[in-house]
Chemist: 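Okay, handing you the structure first.
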Amino acid sequence: MKKVFAFMRRLAPVGATSLMVAGLLAGCVSHLPRNDYVIFFDTESVTLTPTGKAIIASAVEAAHKRHISHITVAGSAGKSGDADVLKKVADARADSVIDVLVQDGIKREDIRKETFIPTDVENSRVAFRRVTVHLADH
């Protein structure tokens with residue numbers, strides 16, 4: 001038994017080094033580029049939060065790095081209630097996001113605006129308060 005423990009003590013530095021190298025190399029693995037950035041709004045609000053502005057800045061940075069020239073902005077306000085009011089809120093939210101995209105350096109003509117209609121799976125109050133920025137590679 002003493003021989004087994006002695007052998008394991010001799011191999012311990014090699015094992016630890018192997019784990020360290022594997023961890024360092026794992027950080028080098030490239031990830032697929034992100035295409036969708038979701039910005040959430042407070043209930044009945046069209047005002048961007050600081051977090052929302054930071055997410056938009058990330059989308060702009062990715063668009064510039066990848067030379068994206070087709071961006072879709074889809075706003076949502078929900079499915080229940082006055083359809084005209086919901087559409088106006090969704091459009092106002094999308095317009096808020098578009099204004100910041102343009103302010104941060106995206107050409108307005110590269111942006112297309114849509115209204116997002118949640119599916120039954122996405123039927124939640126949070127899903128109703130979002131705008132999605134989609135970067136298209138074509």
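Since we're looking at a predicted model, the values are computed, not measured.
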Chemist: Could you grab the distance from atom CD1 of Ile68 to atom NE2 of His134, nearest 0.5 Å is fine?
Modeler: 8.5 Å
Chemist: Less than 4.5 Å apart, any side-chain heavy atom of Leu101 and any of Val60?
Modeler: yes
Chemist: Atom CZ of Arg130 and atom CZ of Phe40: how far apart are they, to the nearest 0.5 Å?
Modeler: 6.0 Å
Chemist: With the side chain counted from C-beta on, respond yes when Val131 and Phe41 share a heavy-atom pair under 4.5 Å apart, and no when they do not.
Modeler: yes
Chemist: Is it the case that the side chain of Thr132 and the backbone of Ala74 share a donor-acceptor pair, with hydrogens and angles ignored and the cut-off at 3.5 Å?
Modeler: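 No: the side chain of Thr132 does not pair with the backbone of Ala74.
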Chemist: For Ala94 and Lys113, work out which heavy atoms get closest and say how close.
Modeler: CB-CD, 3.7 Å
Chemist: State plainly whether the residues Asp99 and Arg108 are in salt-bridge range, i.e. N to O under 4.0 Å.
Modeler: yes
Chemist: Looking only at heavy atoms, which two atoms of Leu135 and Ala62 are closest? And how far apart?
Modeler: CD1-CB, 3.9 Å
Chemist: Roughly how far apart are Asp95 CG and Ile111 CD1, rounded to 0.5 Å?
Modeler: 10.5 Å
Chemist: Measure the OG1-CG distance between Thr49 and Asp42 for me, rounded to the nearest 0.5 Å.
Modeler: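 Thr49 atom OG1 to Asp42 atom CG measures 7.0 Å (nearest 0.5 Å).
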Chemist: Of the non-hydrogen atoms in Ser96 and Val46, which two are nearest, and what is the gap between them?
Modeler: OG-O, 2.9 Å
Chemist: Considering all heavy atoms of both residues, which atom of Ile71 and which atom of Ala63 are nearest to each other, and what is their separation?
Modeler: CD1-CB, 4.2 Å
Chemist: Going by the rule side chain to side chain donor-acceptor pair (under 3.5 Å), which residues pair with Gln103 if we only count those two or more places apart in sequence or in a different chain?
Modeler: none
Chemist: Kindly check if the number of other-residue, nucleotide or ligand heavy atoms within 6.0 Å of CZ (Arg66) is above 12?
Modeler: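 Yes, because the 6.0 Å sphere around CZ of Arg66 holds more than 12 heavy atoms from other groups.
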Chemist: To the nearest 0.5 Å, tell me how far Ile56 CD1 sits from Leu48 CG.
Modeler: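 Spacing of CD1 (Ile56) from CG (Leu48) equals 4.5 Å.
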Chemist: Measure the shortest side-chain to side-chain distance between Val38 and Ile55 over non-hydrogen atoms and say whether it is less than 4.5 angstrom.
Modeler: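 Not in contact.
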Chemist: Side-chain contact, heavy-atom cut-off 4.5 Å: Lys107 with Val102?
Modeler: no
Chemist: For His64 and Ile106, what are the C-alpha separation, side-chain angles and deciding distance, and is it a side chain to side chain contact (heavy atoms under 4.5 Å, CB included)?
Modeler: CA-CA 8 Å; His64 287 309; Ile106 300 293; 4.2 Å; yes
Chemist: Okay, side chain of Arg112, backbone of Val73: is any donor-acceptor separation there less than 3.5 Å?
Modeler: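 Looks like no, no N/O pair under 3.5 Å.
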Chemist: For Val133 and Val97, run side chain to side chain contact (heavy atoms under 4.5 Å, CB included): C-alpha distance rounded to whole Å, both residues' side-chain angles, the deciding distance at 0.1 Å, then the answer.
Modeler: CA-CA 8 Å; Val133 174; Val97 171; 3.6 Å; yes
Chemist: Using the side chain to side chain donor-acceptor pair (under 3.5 Å) criterion, which residues pair with Lys87? Sequence neighbours excluded.
Modeler: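 So Lys87 forms a side chain to side chain donor-acceptor pair (under 3.5 Å) with Asp91, Thr115.
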Chemist: Look up atom CZ in Arg93 and atom OG in Ser76, then write down how far apart they are to the nearest 0.5 Å.
Modeler: 7.5 Å
